[in-house]
*Asks:* 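First, the structure itself, so that you have it in front of you.
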Amino acid sequence: MKNRIKELRKLQGYRQEDLAAALGVSRQTIIAIENDKYNPSLELAIKLARHLHTTVEELFILEV
């Protein structure tokens with residue numbers, strides 16, 4: 001599953017540390033998600049989407 005987290009995070013001026021702190025996760029978690037090495041839980045995906053002012057569907061791209 002691909003995602004647009006890095007793109008949207010940078011557009012909105014957040015550092016990885018800022019996003020991680022706002023969501024209550026580690027910076028390493030944000031790095032892993034951005035690099036497609038970890039798929040977040042549904043709860044974290046929703047939090048990410050809300051914090052980046054988008055929808056889960058716009059944030060994550062399911063590759064079939």
Side-chain angles (χ1 to χ4, degrees):
M1 179 166 47
K2 300 282 182 192
N3 69 71
R4 300 177 57 219
I5 295 169
K6 187 175 188 176
E7 170 192 348
L8 294 175
R9 174 180 60 76
K10 286 185 172 190
L11 279 173
Q12 296 180 30
Y14 292 115
R15 298 176 306 149
Q16 289 171 328
E17 295 88 347
D18 300 330
L19 187 56
L23 299 172
V25 298
S26 69
R27 179 175 171 260
Q28 289 77 15
T29 298
I30 299 300
I31 292 168
I33 295 169
E34 286 185 352
N35 292 322
D36 299 320
K37 296 186 185 285
Y38 173 73
N39 289 327
S41 66
L42 179 57
E43 179 181 359
L44 182 53
I46 292 169
K47 286 180 181 180
L48 278 161
R50 286 182 179 167
H51 197 76
L52 295 172
H53 309 289
T54 190
T55 64
V56 172
E57 293 83 359
E58 289 291 323
L59 190 57
F60 294 94
I61 298 103
L62 182 62
E63 296 179 326
V64 186

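Given the structure is predicted, the values throughout are model-derived calculations rather than measurements. Keep in mind that the numbers below use all heavy atoms, side chains included, and drop hydrogens, waters and symmetry copies.
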*Asks:* Got a second to check how far R4's CZ is from K10's NZ, nearest 0.5 Å?
*Replies:* 14.5 Å
*Asks:* Run the side chain to side chain contact (heavy atoms under 4.5 Å, CB included) test on I33 and V25 for me, step by step, so that the C-alpha distance in whole Å, both residues' side-chain angles and the decisive distance to 0.1 Å come before the verdict.
*Replies:* CA-CA 11 Å; I33 295 169; V25 298; over 6 Å; no
*Asks:* Count I, L, V, M, F, W, Y as connected when their side-chain heavy atoms are under 4.5 Å apart, and connections chain through other members. Are I61 and M1 then in the same cluster?
*Replies:* no
*Asks:* So, taking the atom named OG in S41 and the one named CD in E43, what distance separates them when rounded to the nearest 0.5 Å?
*Replies:* 5.5 Å
*Asks:* Rounded to the nearest 0.5 Å, what separates atom NE2 in H53 from atom CG in L8?
*Replies:* 10.5 Å
*Asks:* Roughly how far, to the nearest 0.5 Å, is CD1 of I5 from CG of D36?
*Replies:* 8.5 Å
*Asks:* Do I31 and L19 sit in one hydrophobic cluster, given that two such residues count as connected whenever their side-chain heavy atoms are within less than 4.5 Å of each other, even indirectly?
*Replies:* no
*Asks:* Please check this pair: side chain of R27 against backbone of E17, looking for a donor-acceptor N/O pair closer than 3.5 Å.
*Replies:* no
*Asks:* Looking only at heavy atoms, which two atoms of H51 and A22 are closest? And how far apart?
*Replies:* CE1-CB, 3.4 Å
*Asks:* When clusters are formed by joining ILVMFWY residues with side-chain heavy atoms under 4.5 Å apart, either directly or through shared neighbours, do Y14 and L11 land in the same one?
*Replies:* yes
*Asks:* Mark yes or no for whether Q12, through its side chain, and L52, through its backbone, hold a donor-acceptor pair below 3.5 Å.
*Replies:* yes
*Asks:* Passes side chain to side chain contact (heavy atoms under 4.5 Å, CB included), N39 versus F60? Steps please.
*Replies:* CA-CA 10 Å; N39 289 327; F60 294 94; 5.9 Å; no
*Asks:* G13 and D18: which non-hydrogen atoms are nearest, and at how many Å?
*Replies:* O-OD2, 4.5 Å
*Asks:* Indicate the atoms forming the closest heavy-atom contact of V56 with A45, along with that distance.
*Replies:* CG2-O, 3.9 Å
*Asks:* For a 4.5 angstrom cut-off between non-hydrogen side-chain atoms, does N3 reach L48?
*Replies:* no
*Asks:* Provide the closest heavy-atom pair for Q16 versus E34 in the form atom of the first, atom of the second, distance.
*Replies:* NE2-OE1, 2.9 Å
*Asks:* Rounded to the nearest 0.5 Å, what's the gap from CD1 on I30 to NZ on K6? Could you check?
*Replies:* 13.0 Å
